[in-house]
Amino acid sequence: DGGITQSPKYLFRKEGQNVTLSCEQNLNHDAMYWYRQDPGQGLRLIYYSQIVNDFQKGDIAEGYSVSREKKESFPLTVTSAQKNPTAFYLCASSMIGSHEQYFGPGTRLTVT
Amino acid sequence: QQPVQSPQAVILREGEDAVINCSSSKALYSVHWYRQKHGEAPVFLMILLKGGEQKGHEKISASFNEKKQQSSLYLTASQLSYSGTYFCGGQAKGGSEKLVFGKGTKLTVNP
């Protein structure tokens with residue numbers, strides 16, 4: 001079955017630690033995205049990538065980093081510089097050219 | 001800048017109709033609509049690519065007025081399964097693949 005996987009589903013970290021969220025897709029999509037979701041805020045774009053080894057900042061990139069070494073993988077690192085990292089993180093992918101985005105199940109990160 | 005969705009929340013009885021609006025201050029190339037149930041990932045509903053375009057699937061349809069940069073989602077004869085939060089996402093003209101999503105409209109359908 002084709003789809004997007006994110007792991008883990010729930011993640012707990014202490015303040016000051018970096019943490020990496022996994023996102024893998026087997027849909028052969030070129031574009032991948034990371035969103036952050038907070039209650040009442042909708043989906044806010046952190047980073048996106050349209051091709052391997054290239055990515056662009058979204059609207060709220062500060063405190064986050066990404067890599068795109070393989071087409072199917074787009075991991076997100078939440079660094080200690082992110083002031084309020086507790087949130088629901090969603091990864092998505094799509095074909096290039098105004099196509100629907102497919103979302104993974106999300107990772108709920110709690111930092112205390 | 002995020003598209004503005006209205007209303008923020010709506011409560012219906014099964015069988016009633018609803019309209020959700022999405023307005024953008026930027027010129028849009030396309031508008032996407034998604035539905036998210038609590039604790040789950042958003043699910044794609046439809047894309048509107050051209051001004052004046054209307055699309056529909058069963059009892060959910062949408063329109064896109066390019067002049068006003070507004071899109072509306074129409075839910076007809078609502079079912080319990082329509083409950084969830086609806087998001088519009090705008091793709092700006094200029095070539096980027098990224099979407100900017102509105103804050104969402106929470107729809108509750110009661111029996």
Side-chain angles (χ1 to χ4, degrees), chain A residues 2-7 9-10 21 23-25 27 29-52 54-61 66 68 74 87-108, chain B residues 1-9 20 22-51 53 55 57 62 64 66 71 84-106:
Chain A
I4 300 180
T5 56
Q6 290 185 244
S7 60
K9 188 165 185 172
Y10 298 95
L21 281 59
C23 177
E24 304 276 331
Q25 55 100 356
L27 299 166
H29 287 166
D30 286 306
M32 296 188 74
Y33 315 81
W34 273 105
Y35 294 94
R36 170 181 171 136
Q37 189 170 34
D38 297 283
Q41 294 298 315
L43 302 162
R44 292 185 291 169
L45 184 65
I46 305 172
Y47 269 98
Y48 67 106
S49 168
Q50 298 182 174
I51 195 170
V52 173
D54 189 41
F55 45 83
Q56 286 78 41
K57 291 182 180 180
D59 301 314
I60 55 164
V66 293
R68 186 90 187 274
F74 191 41
F88 188 48
Y89 291 88
L90 286 158
C91 178
S93 72
S94 73
M95 293 195 297
I96 297 291
S98 294
H99 292 279
E100 64 191 273
Q101 293 188 12
Y102 291 78
F103 285 83
T107 292
R108 192 166 295 278
Chain B
Q1 206 165 7
Q2 285 181 290
V4 177
Q5 287 186 233
S6 62
Q8 289 183 324
I20 299 171
C22 174
S23 290
S24 173
S25 58
K26 286 190 172 184
L28 297 178
Y29 176 74
S30 71
V31 177
H32 297 217
W33 285 96
Y34 292 80
R35 176 172 63 209
Q36 184 180 31
K37 296 200 181 266
H38 184 68
E40 298 180 6
V43 173
F44 171 78
L45 293 175
M46 62 190 78
I47 295 176
L48 298 119
L49 291 172
K50 301 176 190 175
E53 184 177 27
K55 281 197 168 184
H57 176 66
F64 176 30
E66 193 172 14
S71 179
T85 301
Y86 290 77
F87 293 99
C88 68
Q91 181 186 18
K93 289 184 177 179
S96 168
E97 293 296 314
K98 75 173 191 177
L99 295 178
V100 181
F101 285 92
K103 292 186 178 183
T105 295
K106 185 175 181 180

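Labels below follow one simple rule: chain letters A, B, ... track the order of the sequence lines, proteins then strands, and each chain is numbered from 1.
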Please find the pair of heavy atoms, one from [X] and one from [Y], that lie closest to each other, and give the distance.
X: B:K98; Y: A:Y33; value: CA-CE2, 4.3 Å
X: B:A41; Y: A:G104; value: CB-O, 3.0 Å
X: A:F88; Y: B:E40; value: CE2-O, 4.3 Å

Contact origin within [X] toward chain B - heavy atom pairs under 4.5 Å:
X: A:Q101; result: both
X: A:L43; result: both
X: A:Y102; result: neither

Problem - Heavy-atom check, side chain of B:Q36 versus side chain of A:L90, under 4.5 Å - result: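 They are in side-chain contact.
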Exercise for the section: Please examine the side chains of B:F101 and A:D59, heavy atoms only from C-beta on, and report whether any two atoms are closer than 4.5 Å. Expected result: no
Practice task
Test side chain to side chain contact (heavy atoms under 4.5 Å, CB included) on A:Y35 and B:L99 and set out the steps.
Solution key: CA-CA 10 Å; A:Y35 294 94; B:L99 295 178; 4.2 Å; yes
Handout entry: Positions in residues 1-9 of chain B that reach chain A, provided some heavy atom is under 4.5 Å away
Key =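 Result: B:Q2.
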Problem - Spatial distance of atom NE2 (A:H99) from atom CD (B:Q91) [nearest 0.5 Å] - result: 10.0 Å
Handout entry: Atom pair CD (A:E100) and OG (B:S30), whose distance is rounded to the nearest 0.5 Å
Key =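 It comes to 12.0 Å.
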Handout entry: B:K37 atom NZ, over 12 foreign heavy atoms within 6.0 Å
Key = yes
Practice task
Evaluate whether atom CD1 of A:I51 has more than 12 neighbouring non-hydrogen atoms of other residues, nucleotides or ligands under 6.0 angstrom away.
Solution key: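 No - once you tally the heavy atoms of other residues, nucleotides and ligands closer than 6.0 Å, there are 12 at most.
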